Amino acid sequence: MAFSHMPVLLAETLEALAVKAGGFYVDGTAGGGGHAEAILRASEPDGRLLALDRDEAAVRRVRERLQAWGERVQVVHGRFSEIAEWVSRFGPGPADGVLFDLGMSSFQVDDPARGFSFQSDGPLDMRMDLSAPRTAAQWLNEEPESEMARVLKEWGEEPAAKRIARAVVARRAERPFGRTSELAELVTAVKGGRRGRRIHPATQTFQAVRMAVNGEMEQIALGLEAALRAVRPGGRVAAISFHSVEDRLVKRTLGAHVPRWESLQEGGQRRHGRLPSVRWVRKKPWVAGPQECAANPRARSAKLRAVEVETNAA
Ligand SMILES: C[S@@+](CC[C@H](N)C(=O)[O-])C[C@H]1O[C@@H](n2cnc3c(N)ncnc32)[C@H](O)[C@@H]1O
């Protein structure tokens, strides 16, 4: 492993979740266990943590890392869309805070065998959960061209989405995709090389394919809703996103729970907004300062948003 995963916006996350002694917290994206360990420390001596990850390798790694914390911590293999069920199964009651640190971990991206990276050749896999049915290669070899173009455009914000989808379909008719380098080379050829670009030409395509293979947009929307149901009134839900598509979804999903009041002609007010109702902990997201960005390039695009649940009444 080239380097270990550095948790982003660590102090800000503890502030956003208002971590305190005796609290019960859920880390929906355990990853390398960095945020999880910080939550355990900040909630000493008796705070509890339920950590989950859909990647079994992450679950094993975090179990080992946190074993010294004994009964204060439970690490499970699961998807964060099922957070409410996990909390009712393992929690002492509703949670005081739930964290999502979205996207993939450095452990995943640095391991060529997982197929997340265009930087090193490997099988085109990209599944976070290896028991999931479809790999990136299968997705590229089977998906209809129009749906592929939509995914590349909407989730990768790839301006050349249509041309790339067309080229993928033409190429797979001759020889199915199997390796990350094949996809990276095809996208580079379609877009005409790097030509002074700051990022690799295949960055957005890889992001979009990964999001499709893992059903990430659906997971985020379901996970945030589930988390709002799993916390007590006064509890917090915090999410760290790494690109604008993720951030917009976080903002929209949580923001739909912020009540808006309409003044009625006949007097009084009508409430709009989903339940449970929440308030933003901060209007603007937390972002990393220059020091953190210099030490950890991943932090440059990170945005942390958090809400506090006001009432759970349905
Ligand atoms: C950015 S990493 C988290 C890093 C972690 N906060 C740390 O400090 O090491 C994201 C993790 O979330 C996991 N993940 C992504 N989507 C998930 C989902 N729907 N349910 C559970 N885990 C998920 C990934 O497998 C990955 O390990």
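Since the model is a prediction, treat every value here as computed from it, not as a measurement.
- Checked by atom type and distance alone, the side chain of Lys191 pairs as donor or acceptor with a backbone atom of Pro201 at under 3.5 Å.
- When atom types are taken as modelled, the side chain of Glu262 and the backbone of Arg270 share no donor-acceptor pair closer than 3.5 angstrom.
- A distance of 7.5 Å separates CD of Glu218 from OG of Ser81, quoted to the nearest 0.5 Å.
- A salt bridge links Asp125 with Arg127: the distance from a Lys NZ or Arg NE/NH1/NH2 to an Asp or Glu carboxylate oxygen falls below 4.0 Å.
- Interatomic distance, CD1 of Ile164 versus CD of Glu145, reported as 12.0 Å (0.5 Å rounding).
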message: Let's go through Gln119 and Val109 carefully: what are the C-alpha distance in whole Å and the side-chain angles of both, what is the deciding distance for side chain to side chain contact (heavy atoms under 4.5 Å, CB included) to 0.1 Å, and is it a yes or a no?
response: CA-CA 9 Å; Gln119 312 275 19; Val109 76; over 6 Å; no
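- Side-chain atoms of His257 come within 3.5 Å of backbone atoms of Pro276 as a donor-acceptor pair (strictly under, hydrogens ignored).
- Between the CZ atom of Arg300 and the CD atom of Glu292 there is a distance of 11.0 Å, given to the nearest 0.5 Å.
- Cluster membership for Val231 and Val76, using ILVMFWY side-chain heavy atoms within less than 4.5 angstrom, is shared.
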task: Step by step, work out the side chain to side chain contact (heavy atoms under 4.5 Å, CB included) result for Glu246 and Ile220.
output: CA-CA 8 Å; Glu246 265 176 2; Ile220 295 171; 3.9 Å; yes
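- Contact detail for Met126 and Gly115: the closest heavy-atom pair is CG-O, 3.0 Å.
- Remark: side-chain polar atoms of Arg171 are paired, donor with acceptor, to backbone N or O of Arg175 under 3.5 angstrom.
- Of all non-hydrogen atoms in Ala227 and Val98, the two that sit nearest each other are CB-CG1, 3.9 Å.
- Across Thr135 and Gln138, no two heavy atoms sit closer than the pair N-OE1, 2.8 Å.
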Which side-chain N or O atoms in residues 82-89 pair as donor and acceptor under 3.5 Å with protein atoms at least two apart or in another chain?
from: Glu82; atom 1: OE2; to: Arg79; atom 2: NE; distance (Å): 3.3
from: Glu82; atom 1: OE2; to: Arg79; atom 2: NH2; distance (Å): 2.8
from: Ser88; atom 1: OG; to: Ala84; atom 2: O; distance (Å): 3.1
from: Ser88; atom 1: OG; to: Glu85; atom 2: O; distance (Å): 3.2

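- With a 4.5 Å cut-off on side-chain heavy atoms, Pro159 and Gln204 count as touching.
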- request: Please step through side chain to side chain contact (heavy atoms under 4.5 Å, CB included) for the pair Leu228 and Arg274, ending with a clear verdict.
  value: CA-CA 11 Å; Leu228 293 173; Arg274 300 189 63 154; over 6 Å; no
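- Partner of Asp96 under the salt bridge (charged side-chain N to carboxylate O under 4.0 Å, His left out) criterion, chosen from Arg232, Arg48, Arg236: Arg232.
- Classification of Arg282 and Glu15 as a salt-bridged pair fails, no side-chain N sitting under 4.0 Å from a carboxylate O.
- For CD of Glu64, the number of neighbouring non-hydrogen atoms (other residues, nucleotides, ligands) closer than 6.0 Å is 12 at most.
- The two residues Ala21 and Asp46 have their closest heavy-atom pair at C-OD1, 3.8 Å.
- Contact check for Met217 versus Leu249: side-chain heavy atoms found under the 4.5 Å cut-off.
- Around the CD atom of Gln269, the shell of radius 6.0 Å holds more than 12 heavy atoms that belong to other residues, nucleotides or ligands.
- Remark: of the listed residues Val213, Val209, Leu140, Leu140 is the sole one forming a side-chain contact (heavy atoms from CB on, under 4.5 Å) with Leu124.
- By the 4.0 Å N-to-carboxylate-O rule, Glu37 lies close enough to Arg41 to be salt-bridged with it.
- Listed here is the closest heavy atom pair of Ala51 and Ala30: CB-CB, 4.0 Å.
- Side-chain atoms of Asn141 come within 3.5 Å of backbone N or O of Phe177 as a donor-acceptor pair.
- Judged by distance alone, the side chain of Gln108 and the main-chain N or O of Ser105 form a donor-acceptor pair under 3.5 Å.
- Judged by distance alone, with hydrogens and angles left aside, the side-chain atoms of Asp55 form a donor-acceptor pair with the main-chain N or O of Ala57 at under 3.5 Å.
- Around atom CD of Glu71, no more than 12 heavy atoms belonging to other residues, nucleotides or ligands sit under 6.0 Å away.
- Side-chain contact between Gln207 and Glu157 is absent, with no heavy atoms from C-beta onward closer than 4.5 Å.
- Between the side chains of Glu185 and Thr188, no donor N or O sits under 3.5 Å from an acceptor N or O.
- Linking Ile, Leu, Val, Met, Phe, Trp and Tyr whenever their side-chain heavy atoms come within less than 4.5 Å leaves Leu130 and Phe80 in two separate clusters.
- Of the possible polar contacts, none joining the Glu225 side chain to the Leu222 backbone as a donor-acceptor pair under 3.5 Å is found.
- Counting heavy atoms from C-beta outward, Pro233 and Glu310 have side chains that stay 4.5 Å or more apart.
- Between Val237 and Val278 there is no side-chain heavy-atom pair separated by less than 4.5 Å.
- Two residues are said to be in side-chain contact when any heavy atoms from C-beta on lie closer than 4.5 Å; Val168 and Glu143 fail this criterion.
- The other residues sharing a hydrophobic cluster with Leu66 are Val8, Leu9, Leu14, Leu17, Val19, Tyr25, Ile39, Leu40, Leu49, Val59, Val62, Trp69, Val73, Val75, Leu99, Ile240, Phe242, Val281, Trp286, Leu304, where clustering joins ILVMFWY side chains under 4.5 Å apart.
- Leu224 and Val258 fall within a single hydrophobic cluster, where Ile, Leu, Val, Met, Phe, Trp and Tyr are joined by side-chain heavy atoms under 4.5 Å apart, directly or via other members.
- To the nearest 0.5 Å, atoms CG (Asp27) and CG (Asp53) are separated by 8.5 Å.
- Remark: the backbone N or O of Pro144 is not paired with any side-chain donor or acceptor of Glu147 at under 3.5 angstrom.
- Heavy atoms only, all atoms of each residue included: Val151 and Ala212 are closest at CG1-CB, 4.0 Å.
- Listed by first and then second residue, the ring-ring contact (aromatic ring centres under 6.0 Å, His included) pairs involving residues 117-160 are Phe118-His200, Phe118-Phe206 (not counting sequence neighbours).
- Contact of the Arg54 side chain with the Asn214 side chain is registered, since non-hydrogen atoms from C-beta on lie closer than 4.5 Å.
- Between Asp111 and Phe116 the shortest side-chain heavy-atom distance does not fall below 4.5 Å.
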- prompt: What do the steps show when you test Arg166 against Val190 for side chain to side chain contact (heavy atoms under 4.5 Å, CB included), and what is the final call?
  reply: CA-CA 10 Å; Arg166 199 177 313 133; Val190 170; over 6 Å; no
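- Judged purely by atom type and a 3.5 angstrom limit, Thr180 uses its side chain to pair as donor or acceptor with the backbone of Ser120.
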